[in-house]
Amino acid sequence: MNIFIKTLKRDLKMALRNPSSFLNPLLFFVISISLFPIAISPESQTLSNIAPGIIWVTVMLSALLSLNTLFHFDYENGILEQMVISHHSLALILLAKTAAHWILTGLPIILLSPLVGTVLFLDYESILILMLTLLIATPCLSLIGAIGASLIVGIKNSGMLLSLLVLPLYVPILIFGTSAVSQTQFNLPINGQIYFLSFMLVLSLITAPFISAYSLRISIE
C-alpha cells in the first residue's frame, strides 16, 4: 500500500507541474457543452431532452483525450520500465496512476456537472442523478482507459488507435449512464442502471489493474 500512496502523490505532483495535461480535457468538456445551446437551440425544453446524451458523450471524449498522457511521460523518460522491473506489484502501481488520473480528470468533471446541467436546463433531481452516475462511472472510464493506454504506450501518434480500442468498451457505460438521467426526468425507476454501473465499477476495480499490468509488460518487452 505504501507504493500506492507514493505513486499517487508523485503523479499528482507531476500533474501540478504540467497543468495542461489535465486542464485541456476539462476545458474541452466545458467549452463543448457550452456550444450546444448555440448550435442546436436555446429553448429549455429541447436542451433538457438531449442534455443527458450531450453530457455523457462529452464526458467520454474528455476522458479519452486525457488518456494520452497517462503513461506517456513516464515511458519517455524510462520510469515506466523501472516500474515494470521493480519488485513492487505493477498492478498496484498502475491502480495508483489510474486513481491519480481520476482525481485530476473525473473528479473535476463531477464537480462541474451541476454547472453544465444548469446550462442545459436539467432539473435538480436529474442533476443529482447525473452526479451519482458520474461518481460511479468515471472511475470505470479511467480503469478501462488504462488498459487501452498500456497497449499502445510505445506507439507514436496512437490517438486514433486508442479511440478504436477504448470507445467500444465505453458504450455500455454511455448507454446506462444516459438512460439513468433521462429516466429520472420522466420519474421512472433507475435501479437497474445504477446496479449495472456499480457492477461495472467493481468488475473494473478487480480486473483492470491486472490486465493493464499484463498489457504493459507485453508493450514494453
Side-chain angles (χ1 to χ4, degrees), residues 11-12 14-16 18-40 47 50-73 94 97-120 122 126-153 157-182 193 197 200-201 204 208 212:
D11 276 28
L12 292 176
M14 285 183 61
L16 292 176
N18 182 25
S20 63
S21 62
F22 65 92
L23 286 179
N24 287 346
L26 293 179
L27 288 174
F28 171 82
F29 174 69
V30 174
I31 293 172
S32 298
I33 288 182
S34 65
L35 292 177
F36 279 95
I38 301 171
I40 297 176
L47 287 174
I50 61 175
I54 291 173
I55 295 173
W56 266 100
V57 168
T58 313
V59 167
M60 281 178 44
L61 295 178
S62 300
L64 192 62
L65 186 62
S66 64
L67 288 174
N68 287 320
T69 59
L70 184 56
F71 299 130
H72 179 72
F73 296 118
L94 297 185
K97 293 181 72 63
T98 308
H101 176 267
W102 177 78
I103 291 171
L104 293 165
T105 58
L107 187 58
I109 283 177
I110 296 169
L111 297 176
L112 286 170
S113 59
L115 173 65
V116 299
T118 304
V119 170
L120 296 177
L122 280 179
S126 298
I127 289 175
L128 288 181
I129 296 301
L130 172 66
M131 293 182 72
L132 174 64
T133 53
L134 288 174
L135 182 63
I136 300 171
T138 48
C140 298
L141 300 182
S142 294
L143 288 162
I144 294 171
I147 298 174
S150 62
L151 283 170
I152 53 92
V153 69
N157 302 321
S158 54
M160 182 60 72
L161 181 57
L162 181 61
S163 303
L164 292 174
L165 287 172
V166 172
L167 278 179
L169 300 176
Y170 280 177
V171 170
I173 297 172
L174 171 68
I175 293 171
F176 283 89
T178 305
S179 173
V181 183
S182 297
Q193 289 86 340
L197 293 175
M200 287 292 294
L201 175 59
S204 301
S212 298

Do [X] and [Y] come within less than 4.5 Å of each other through their side chains, counting heavy atoms only?
X: Ser62; Y: Thr58; value: yes
X: Pro37; Y: Val119; value: yes
X: Leu94; Y: Ser150; value: no
X: Leu130; Y: Pro52; value: no
X: His101; Y: Leu67; value: yes
X: Phe29; Y: Leu65; value: no

Return the minimal non-hydrogen interatomic distance between [X] and [Y], and the atom names on each side.
X: Ser34; Y: Ile31; answer: OG-O, 2.7 Å
X: Ala149; Y: Leu70; answer: CB-CD2, 4.3 Å
X: Trp56; Y: Ala137; answer: CH2-CB, 3.4 Å
X: Leu143; Y: Ser204; answer: CD1-CB, 3.7 Å
X: Ile110; Y: Met131; answer: O-CE, 3.8 Å
X: Gly117; Y: Ile127; answer: C-CD1, 4.1 Å

Report the distance from atom [atom1] of [X] to atom [atom2] of [Y], rounding to the nearest 0.5 Å.
X: Ile129; Y: Leu135; atom1: CD1; atom2: CG; result: 11.5 Å
X: Leu120; Y: Ile33; atom1: CG; atom2: CD1; result: 6.0 Å
X: Thr98; Y: Ile103; atom1: OG1; atom2: CD1; result: 11.0 Å
X: Leu197; Y: Leu134; atom1: CG; atom2: CG; result: 9.5 Å
X: Ile55; Y: Ser113; atom1: CD1; atom2: OG; result: 7.5 Å
X: Ser142; Y: Ile147; atom1: OG; atom2: CD1; result: 11.5 Å

#### Entry: Contacts of type side chain to side chain contact (heavy atoms under 4.5 Å, CB included), residue Leu61, not counting sequence neighbours
Phe28, Val57

In a table with atom names and distances, give each donor-acceptor pair under 3.5 Å that connects a side chain of residues 168-180 to protein atoms at least two apart or in another chain.
unit_1 : atom_1 : unit_2 : atom_2 : d
Tyr170 : OH     : Leu141 : O      : 2.5
Thr178 : OG1    : Leu174 : O      : 2.7
Ser179 : OG     : Gln193 : NE2    : 2.8

### Message
The criterion is side-chain hydrogen bond (donor to acceptor under 3.5 Å, both in side chains); which residues satisfy it with Thr133, sequence neighbours excluded?
### Response
none

